[in-house]
Number of protein chains: 2
Amino acid sequence: MSEKIKSPNCEICAFRSVLFNSLGIDGLGKMNTCKDQFRFKKGEVVCHEGDPIESIIYVHKGLIKLHKRISENQSQIISIARPFNFVGLLSVFTKTEFFYSITAIEDSSVCFIKKDCVLGEIETNGKFALDIIRRMSRITDDILESKFALSKKNLRGRIAHILLDFSENIYKTNEFELPVSRREIAELIDMRTENVIRIFSEFRKDGIIKINGHMIEIINPEMLQRVSSAG
Amino acid sequence: MSEKIKSPNCEICAFRSVLFNSLGIDGLGKMNTCKDQFRFKKGEVVCHEGDPIESIIYVHKGLIKLHKRISENQSQIISIARPFNFVGLLSVFTKTEFFYSITAIEDSSVCFIKKDCVLGEIETNGKFALDIIRRMSRITDDILESKFALSKKNLRGRIAHILLDFSENIYKTNEFELPVSRREIAELIDMRTENVIRIFSEFRKDGIIKINGHMIEIINPEMLQRVSSAG
DNA sequence: GTCACTTTATGATAAATATCATAATTTATG
DNA sequence: CATAAATTATGATATTTATCATAAAGTGAC
């Protein structure tokens with residue numbers, strides 16, 4: 001089960017300046033009183049589709065996925081959020097219930113800040129309001145841009161794109177452990193599991209990547225980039 | 001060319017309550033001084049990709065498309081905005097230049113409100129800030145949800161979906177004039193022009209719709225709904 | 001009205017992707 | 001550690017979609 005951890009004071013949190021640089025000491029103190037931090041092990045569910053939205057959620061450490069059931073045995077991954085990312089922000093101010101589930105795909109540490117607390121701060125602190133607006137904008141811009149880019153690519157291009165994304169934006173190294181199964185990759189970039197596996201194999205045969213289970217090493221990033229752009 | 005029209009006072013604008021219900025008389029007055037309203041004829045460009053973002057834009061009357069060049073002879077429609085919709089809100093607070101163009105697809109009347117003016121109001125009026133946040137959230141939620149829904153449908157399902165969208169959400173009648181060419185529909189729902197035309201013909205032969213140029217009459221909405229859900 | 005140009009229309013074919021089948025490998029579970 | 005279940009892997013085939021070709025109908029410019 002998820003484990004509540006002694007909530008570090010926001011004042012000393014390494015992400016403070018990034019997350020709440022518009023809050024004064026007063027505001028930070030207030031946030032602290034309506035904040036909880038939990039650890040989730042890989043695979044643990046942070047929120048279920050349909051749960052009431054009570055908090056704004058952000059990723060302190062780890063990696064979590066936003067996903068949605070679309071039928072009995074199919075689901076769809078909306079996005080993968082990494083540290084510094086808010087997730088609960090998506091629809092938090094327009095909907096009362098999550099339309100997606102949130103699940104840890106790596107051991108993660110997640111902060112919950114009560115929605116009312118944030119709403120109150122927005123109403124009284126214009127700089128903070130603007131900060132939240134910018135943050136929201138960036139989240140949805142990112143999701144939209146990546147979905148638009150992917151929708152124009154063929155299967156090889158999509159796999160190349162997602163591998164480069166993990167390598168460059170998340171792990172910042174050419175060798176990393178995929179946090180998701182082939183099936184989840186399929187759900188993220190809108191293709192079939194068999195084809196994800198097949199194209200991984202192709203890339204291996206082409207000498208673009210090395211595969212060892214979930215460990216991936218990109219040995220020819222330039223070619224991967226070309227495949228991503230061409231597809 | 002686009003024609004500047006005598007800007008009606010926001011105080012008496014029919015959409016006031018919808019657009020700025022959180023602004024007092026003071027705020028409305030301020031908005032009025034940094035607002036311009038223009039008419040655009042069908043086909044006229046409201047903004048070019050790359051233009052500096054100086055204003056928040058909303059549709060007062062008509063229909064406009066947000067679109068993006070993706071190659072020499074291909075573009076992509078991000079969304080179609082109708083009255084009550086803000087458009088300039090997308091990325092207005094995170095980017096300095098439009099990453100999309102805006103073009104009228106019906107004779108339209110469009111309001112431009114200087115960005116600085118809105119930013120100032122956000123900082124001093126918390127209720128207004130919250131209003132803007134909700135509005136942004138709704139825009140991006142809508143775009144995301146419709147793109148996600150479409151990506152899971154086959155070609156017939158996508159055409160059915162878009163026809164129902166025009167019929168139910170925009171024109172609110174079973175008979176309407178398509179504001180876009182078959183090609184633009186293709187750019188909106190990510191398929192090829194030939195296939196859009198082909199499936200229109202199929203639907204006609206199936207007795208689902210009647211076609212007369214750009215006039216479409218949906219004669220069997222239930223079946224169209226079934227095709228949309230099944231695809 | 002005529003000519004060039006674009007849009008709509010339809011068929012034939014090629015290419016991309018999904019589906020089905022089957023097996024090897026890995027992971028979970030008692 | 002043995003068995004079941006899920007994941008990875010690969011081939012064969014079917015289906016969907018894109019591409020190419022061609023023509024008719026509509027639209028704008030002069």
Side-chain angles (χ1 to χ4, degrees), chain A residues 41-44 70-77 103 105 150-163 177-206 209-216 227-228 230-231, chain B residues 41-44 70-77 103 105 150-163 177-206 209-216 227-228 230-231:
Chain A
K41 289 211 185 311
K42 181 175 176 139
E44 282 185 335
I70 51 173
S71 74
E72 185 62 36
N73 46 9
Q74 268 210 316
S75 64
Q76 185 172 46
I77 297 181
T103 303
I105 55 177
L150 282 169
S151 77
K152 288 293 158 196
K153 292 181 194 290
N154 65 19
L155 300 192
R156 284 173 65 90
R158 277 182 242 169
I159 294 287
H161 178 105
I162 202 75
L163 286 176
E177 187 177 351
L178 277 179
V180 287
S181 67
R182 312 290 195 263
R183 181 195 176 120
E184 287 173 303
I185 291 177
E187 289 169 355
L188 178 61
I189 61 181
D190 210 20
M191 50 190 282
R192 290 298 149 147
T193 308
E194 295 96 314
N195 286 329
V196 173
I197 293 165
R198 213 183 301 273
I199 288 165
F200 270 46
S201 295
E202 286 179 22
F203 284 1
R204 180 174 42 72
K205 286 171 197 156
D206 294 345
I209 60 175
K210 278 187 184 158
I211 306 175
N212 186 352
H214 278 203
M215 285 302 301
I216 300 286
V227 174
S228 171
Chain B
K41 291 215 185 309
K42 179 173 178 142
E44 282 185 336
I70 52 174
S71 74
E72 184 62 36
N73 47 9
Q74 268 210 316
S75 65
Q76 186 172 45
I77 296 182
T103 303
I105 55 178
L150 282 169
S151 77
K152 286 295 157 193
K153 293 181 194 290
N154 64 21
L155 299 192
R156 284 173 63 90
R158 276 183 243 169
I159 293 288
H161 178 105
I162 202 74
L163 286 177
E177 187 177 351
L178 277 179
V180 287
S181 68
R182 313 291 195 260
R183 180 192 177 124
E184 287 173 302
I185 291 177
E187 289 170 355
L188 178 61
I189 60 181
D190 209 19
M191 50 191 279
R192 290 299 151 147
T193 308
E194 297 96 315
N195 287 327
V196 173
I197 292 165
R198 214 183 301 272
I199 288 166
F200 269 45
S201 295
E202 284 177 25
F203 284 1
R204 180 174 44 71
K205 286 171 197 155
D206 294 345
I209 60 174
K210 277 187 183 158
I211 306 175
N212 187 352
H214 278 204
M215 284 303 299
I216 300 286
V227 174
S228 171

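Scope of the values below: all heavy atoms of this structure, side chains included, with no hydrogens, waters or symmetry mates.
- The nearest whole Å value for the distance from the CD atom in B:E194 to the C1' atom in C:dT10 is 11 Å.
- Contact annotation: A:N154 side-chain N/O to C:dT17 OP1/OP2 distance is not under 4.0 Å.
- Within 6.0 Å of NZ in A:K152 there are more than 12 heavy atoms belonging to other residues, nucleotides or ligands.
- The side chain of A:R204 places no N or O atom within less than 4.0 Å of a non-bridging phosphate oxygen (OP1 or OP2) of D:dT8.
- Going from atom NZ of A:K152 over to atom C1' of D:dA18 covers 12 Å, rounded to whole Å.
- Regarding contacts with the backbone of C:dT8, every side-chain N or O of B:R183 stays at 4.0 angstrom or more from both OP1 and OP2.
- Rounded to an integer number of Å, the gap from A:R182 CZ to C:dT26 P is 12 Å.
- Across the protein-nucleic acid pair, A:I211 atom CD1 and C:dT25 atom C1' stand 14 Å apart, rounded to whole Å.
- In this structure, A:R156 places its CZ atom 14 Å from C1' of C:dA15, rounding to the nearest Å.
- Counting atom types as modelled, A:R192 pairs no side-chain N or O with a base atom of D:dT10 as donor and acceptor under 3.5 Å.
- For C:dT26, the OP1/OP2 oxygens have no side-chain nitrogen or oxygen of A:H214 closer than 4.0 Å.
- Spacing between atom CG of B:L155 and atom P of D:dA18 amounts to 5 Å, rounded to whole angstrom units.
- Protein atom CD1 of B:I185 is 12 Å distant from nucleotide atom C1' of C:dT7, rounded to whole Å.
- Under 4.0 angstrom from either OP1 or OP2 of C:dT10 there lies no side-chain N or O belonging to B:R198.
- OP1 or OP2 of C:dT10 lies within a sub-4.0 Å distance of a side-chain N or O belonging to B:S201.
- Across all strands shown, A:I197 has heavy atoms under 4.0 Å from base atoms, whether or not it also approaches the sugar-phosphate.
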